[in-house]
Amino acid sequence: MRTYPDFTWEWIIQSCEQLCIELQRIERERGSLREIQKGFFESAQGLIAIIPVLREHPQLGNLVPMKSLLSLRWFPSEGHEVNLYCEAKDKYQIAAVKGDFEVIEEKIVAFNEVVDEIYAYITKFGAE
């Protein structure tokens, strides 16, 4: 499993919180956010909410993912990655990717399913 020591759970949360603060500032100044900005805000809030649950898992707690824009990425083996993205409140997209962004499996799960699904994908593609 490839990891990135520059990424920590705390930094990922802080990064998402900073984005939310900036979007709230924009909303105060303009009076509203554009739809895409609202989506960014919801995605960041979704990551902030799920990270403590991911960290509690005995194996995932030590596997800090890479944060890429508003997704989390794990690399269980050479040529494979598992991505997590919050699409909307309590709705998360998980994708298993091979090579140059070839999606080989993808699903939408509820908040309470995220941890088990992420761990299952990491285990499945870590063995390949």
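In summary, of the residues considered (Ser68, Ser43, Ser71), a side-chain hydrogen bond (donor to acceptor under 3.5 Å, both in side chains) with Tyr85 occurs for Ser43 alone. Between Ile118 and the choices Val109, Val82, Thr123, the side-chain contact (heavy atoms from CB on, under 4.5 Å) rule is met once, by Val82.
A distance of 12.0 Å separates CG of Leu60 from CD1 of Ile51, quoted to the nearest 0.5 Å. Here CZ of Phe75 is found 7.0 Å from CG of Asn83. Values are rounded to the nearest 0.5 Å. Rounded to the nearest 0.5 Å, atoms CD1 (Ile21) and CZ (Phe41) are 9.5 Å apart. To the nearest 0.5 Å, atoms CG (Asp90) and CD (Glu42) are separated by 10.5 Å. In this structure, NE2 in His80 is found 4.5 Å from CD1 in Ile104, a value given to the nearest 0.5 Å. In this structure, Leu63 CG and Arg55 CZ are separated by 13.0 Å, a value rounded to the nearest 0.5 Å.
Ile48 and Val115 fall into different hydrophobic clusters, where Ile, Leu, Val, Met, Phe, Trp and Tyr are joined by side-chain heavy atoms under 4.5 Å apart, directly or via other members. In the hydrophobic clustering of ILVMFWY residues, with side-chain heavy atoms under 4.5 Å counting as a link, Leu72 and Ile108 come out apart.
Screening residues 105-115 for salt bridge (Lys or Arg N to Asp or Glu O under 4.0 Å), with sequence neighbours left out, gives Glu105-Lys124, Lys107-Glu117.
Shortest non-hydrogen contact noted between Pro65 and Phe7 is O-CB, 3.6 Å. For Tyr92 against Ala49, the heavy-atom pair with the smallest separation is OH-CB, 4.4 Å. In this structure, Leu47 and Leu70 approach most closely via the heavy-atom pair CD1-O, 3.5 Å.
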Taking distance alone, no hydrogens or angles, what donor-acceptor pairs closer than 3.5 Å link side-chain atoms of residues 11-20 to residues at least two apart or in another chain?
from, atom 1, to, atom 2, distance (Å)
Ser15, OG, Lys67, NZ, 3.0

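Judged purely by atom type and a 3.5 angstrom limit, Trp9 has no side-chain atom pairing as donor or acceptor with the backbone of Pro52.
In this structure, Leu33 and Phe40 have side chains that are not in contact, with every pair of non-hydrogen atoms separated by 4.5 Å or more. Looking at Leu84 and Val114, their side chains come closer than 4.5 Å, going by heavy atoms from C-beta outward.
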Exercise for review: Evaluate side-chain contact (heavy atoms from CB on, under 4.5 Å) for Glu27 paired with Leu23, printing each intermediate quantity in order.
Suggested key: CA-CA 6 Å; Glu27 183 176 32; Leu23 290 170; over 6 Å; no

Exercise for review: Applying salt bridge (charged side-chain N to carboxylate O under 4.0 Å, His left out), run through Glu29 and Arg25 and close with a yes or a no.
Suggested key: CA-CA 6 Å; Glu29 288 177 2; Arg25 183 192 62 75; 2.6 Å; yes

